[in-house]
*Asks:* 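Submitted below is the structure of interest, expressed as structure tokens.
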Amino acid sequence: MSAPLRLVIFDVDGTLVDSQADILAAMAQAYAAVDLPVPPRDTVLGVVGLSLDVIFPLLVPELSEAAHTRMEQAYKAAYMEMRARAGVAASSPLYPGALETLRELQKLPEVLLGVATGKSKRGLDKLIEGHALDGLFITRQVADFHPSKPHPSMILQAMNEAGVAPAETVMVGDTSFDMEMAQAAGVRGIGVSWGYHSRARLAAADHLIDDYAELRPLLDQLWSVAV
């Protein structure tokens with residue numbers, strides 16, 4: 001009997017790529033647009049993964065909706081300008097082992113790959129193009145079409161598009177939002193320790209890994225796939 005289809009969904013920022021330098025710089029421009037000082041690094045990285053329309057009301061709830069919109073526009077403009085100037089590979093470098101792991105998993109006939117990210121479709125498309133990841137992900141869920149994480153909408157749609165059951169799906173991410181989203185969708189969450197949330201904040205994860213080399217063996221264990 002052939003193995004059932006399995007789906008591995010990846011978060012992007014803090015999981016596949018390290019974009020914190022551009023995130024911090026773009027956030028500084030967003031705060032400058034409303035004449036406010038940017039908050040500490042940990043505060044900014046602590047909300048990575050949420051959609052931008054959620055981030056600014058969360059960080060500065062005292063500001064008006066119009067001010068939040070100005071911040072969002074300033075952030076997007078700054079981020080796009082930095083990406084265009086430096087190039088995707090330098091702006092958002094892949095974490096060590098990420099590409100090799102994606103390629104390895106793609107070779108498994110029963111495994112499908114997906115993405116669930118707070119990025120826009122345009123941002124994700126640019127990142128995939130810049131890192132030559134075309135053809136790797138059969139489902140791409142972005143902030144344009146879903147409520148912000150940790151709402152389960154992205155995972156539910158990914159499973160629907162892939163035709164894979166919750167029991168055969170895992171979510172790989174670096175934030176509490178990813179793990180809470182996985183719980184809400186009824187799938188297993190695999191937290192990664194190299195991203196933007198501390199191990200303590202990943203308490204909702206079913207499993208936690210410290211290196212990409214640990215992911216394939218863990219999946220083999222979870223799905224009882226012969227190595």
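Position 1 is the first residue of the sequence; numbering continues from there.
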*Asks:* Can you tell which of Leu222, Thr15, Asp206, Leu208 makes a side-chain contact (heavy atoms from CB on, under 4.5 Å) with Ile190?
*Replies:*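 Only one option passes, and that is Leu222.
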*Asks:* Would you check if Val187 and Met159 make a side-chain contact, meaning some heavy-atom pair closer than 4.5 Å?
*Replies:*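 Yes, close enough: below the 4.5 Å cut-off.
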*Asks:* Does any part of the side chain of Arg6, heavy atoms only, come nearer than 4.5 Å to the side chain of Leu108, both counted from C-beta?
*Replies:*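 Side chain of Leu108 against side chain of Arg6, heavy atoms only: no contact under 4.5 Å found.
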*Asks:* Test side chain to side chain donor-acceptor pair (under 3.5 Å) on Tyr196 and Asp18; report intermediate values, then the result.
*Replies:* CA-CA 9 Å; Tyr196 303 151; Asp18 186 4; 3.0 Å; yes
*Asks:* Quick check for you: to the nearest 0.5 Å, what is the distance between Leu94 atom CG and Leu99 atom CG?
*Replies:*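 Rounded to the nearest 0.5 Å, the CG-CG separation comes to 6.0 Å.
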*Asks:* What is the minimum heavy-atom distance between Leu7 and Leu113, and which atoms define it?
*Replies:*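 Of all heavy-atom pairs spanning Leu7 and Leu113, the closest is CD1-C, 4.1 Å.
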*Asks:* Return the minimal non-hydrogen interatomic distance between Met181 and Pro152, and the atom names on each side.
*Replies:*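 Here Met181 and Pro152 meet closest at CG-CA, 4.0 Å.
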*Asks:* With Tyr212, which residues qualify under ring-ring contact (aromatic ring centres under 6.0 Å, His included), at least two apart?
*Replies:*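 Here the qualifying residues are Trp194.
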*Asks:* With rounding to the nearest 0.5 angstrom, report the CG to CG distance, Leu133 to Leu127.
*Replies:*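 Leu133 CG to Leu127 CG: 6.5 Å, rounded to 0.5 Å.
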*Asks:* What is the distance from atom CG of Leu215 to atom CD of Glu100, rounded to the nearest 0.5 Å?
*Replies:*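 It comes to 13.0 Å.
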*Asks:* Please examine the side chains of Phe10 and Leu105, heavy atoms only from C-beta on, and report whether any two atoms are closer than 4.5 Å.
*Replies:*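 Yes. Closest side-chain heavy atoms under 4.5 Å.
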*Asks:* When you measure from the side chain of Gln106 to the backbone of Gly135, do you find a donor-acceptor pair of N or O atoms at a distance under 3.5 Å?
*Replies:*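 Judged by distance alone, yes, a pair lies under 3.5 Å.
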*Asks:* Taking the side chain as every heavy atom from C-beta outward, state whether Asp53 and Glu72 have any atom pair closer than 4.5 Å.
*Replies:*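 Yes. Closest side-chain heavy atoms under 4.5 Å.
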*Asks:* Please give me the minimum heavy-atom distance between Leu202 and Met179, naming the atom from each residue.
*Replies:*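 Minimum heavy-atom contact is CD2-CG, 4.1 Å.
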*Asks:* Please check: side-chain N/O of Ser64 versus main-chain N/O of Ala67, any donor-acceptor pairing under 3.5 Å?
*Replies:*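 A pair under 3.5 Å: yes.
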*Asks:* Would a 4.5 Å heavy-atom cut-off, applied to side chains only, mark Ser120 and Val142 as touching?
*Replies:*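 No, every pair of side-chain atoms sits at 4.5 Å or beyond.
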*Asks:* Group every Ile, Leu, Val, Met, Phe, Trp and Tyr by side-chain heavy-atom contacts under 4.5 Å, then state whether Tyr31 and Leu45 land in the same group.
*Replies:*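 Yes: a chain of side-chain contacts under 4.5 Å links Tyr31 to Leu45.
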*Asks:* Mind checking whether Gln20 and Arg41 have side chains closer than 4.5 Å, heavy atoms only?
*Replies:*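 With C-beta onward as the side chain, the pair touches.
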*Asks:* If every non-hydrogen atom of Ser51 is compared with every non-hydrogen atom of Ser148, which pair is closest and at what distance?
*Replies:*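 In terms of heavy atoms, the two residues are closest at N-OG, 3.0 Å.
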*Asks:* If you measure from CD1 on Ile9 to CE on Met154, what distance do you get to the nearest 0.5 Å?
*Replies:*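 If we round to the nearest 0.5 Å, Ile9:CD1 and Met154:CE are 10.5 Å apart.
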*Asks:* Do you know the tightest heavy-atom contact between Glu129 and Asp134?
*Replies:*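 For Glu129 versus Asp134, the nearest heavy atoms are CA-OD2, 4.2 Å.
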*Asks:* In the structure I gave you, are the side-chain heavy atoms of Ile55 and Tyr75 within less than 4.5 Å of one another anywhere?
*Replies:*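 Counting from C-beta outward, Ile55 and Tyr75 never come under 4.5 Å.
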*Asks:* Under a 3.5 Å cutoff, is there a donor and acceptor pairing between the side chains of His146 and Gln157?
*Replies:*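 No, no side-chain donor-acceptor pair sits under 3.5 Å.
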*Asks:* Would the distance check show the side chain of Lys149 and the main-chain N or O of Ala116 forming a donor-acceptor pair, the cut-off being under 3.5 Å?
*Replies:*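 Yes: the side chain of Lys149 pairs with the backbone of Ala116.
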*Asks:* Could you walk me through whether Glu168 and Glu110 pass side-chain contact (heavy atoms from CB on, under 4.5 Å), step by step?
*Replies:* CA-CA 10 Å; Glu168 306 298 339; Glu110 72 277 9; over 6 Å; no
*Asks:* Assess whether a salt bridge exists between Arg140 and Asp125, defined as any Lys/Arg side-chain N lying under 4.0 Å from an Asp/Glu carboxylate O.
*Replies:*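 Salt bridge present between Arg140 and Asp125.
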*Asks:* Are the side chain of Ser92 and the backbone of Val88 linked by a donor-acceptor contact shorter than 3.5 Å?
*Replies:*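 A pair under 3.5 Å: no.
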*Asks:* Looking at Asp210 and Arg199, is there a salt bridge between them, counting it only when a charged N and a carboxylate O are closer than 4.0 Å?
*Replies:*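 Asp210 and Arg199: salt-bridged.
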*Asks:* Mind checking the CD1-CD spacing from Ile209 to Glu214? Nearest 0.5 Å is all I need.
*Replies:*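 Atom-to-atom, Ile209:CD1 and Glu214:CD are 6.0 Å apart.
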*Asks:* Quick check: closest heavy atoms across Gln29 and Ala74, and the distance to 0.1 Å?
*Replies:*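 So the minimum-distance heavy-atom pair works out to O-CB, 3.8 Å.
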*Asks:* Answer yes if Leu112 and Trp223 sit in the same cluster of Ile, Leu, Val, Met, Phe, Trp and Tyr residues linked by side chain heavy atoms under 4.5 Å apart, and no otherwise.
*Replies:*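 Different clusters: Leu112 never reaches Trp223 through Ile, Leu, Val, Met, Phe, Trp or Tyr contacts under 4.5 Å.
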*Asks:* Could you tell me whether the side chain of Tyr79 reaches within less than 4.5 Å of the side chain of Ser19, counting heavy atoms only?
*Replies:*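 Side chain of Ser19 against side chain of Tyr79, heavy atoms only: contact under 4.5 Å found.
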*Asks:* How far does CD1 of Ile155 sit from CE of Met171, to the nearest 0.5 angstrom?
*Replies:*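 Separation between the atoms: 5.5 Å.
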*Asks:* For Phe177, what residues pass the ring-ring contact (aromatic ring centres under 6.0 Å, His included) criterion, not counting sequence neighbours?
*Replies:*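 His197.
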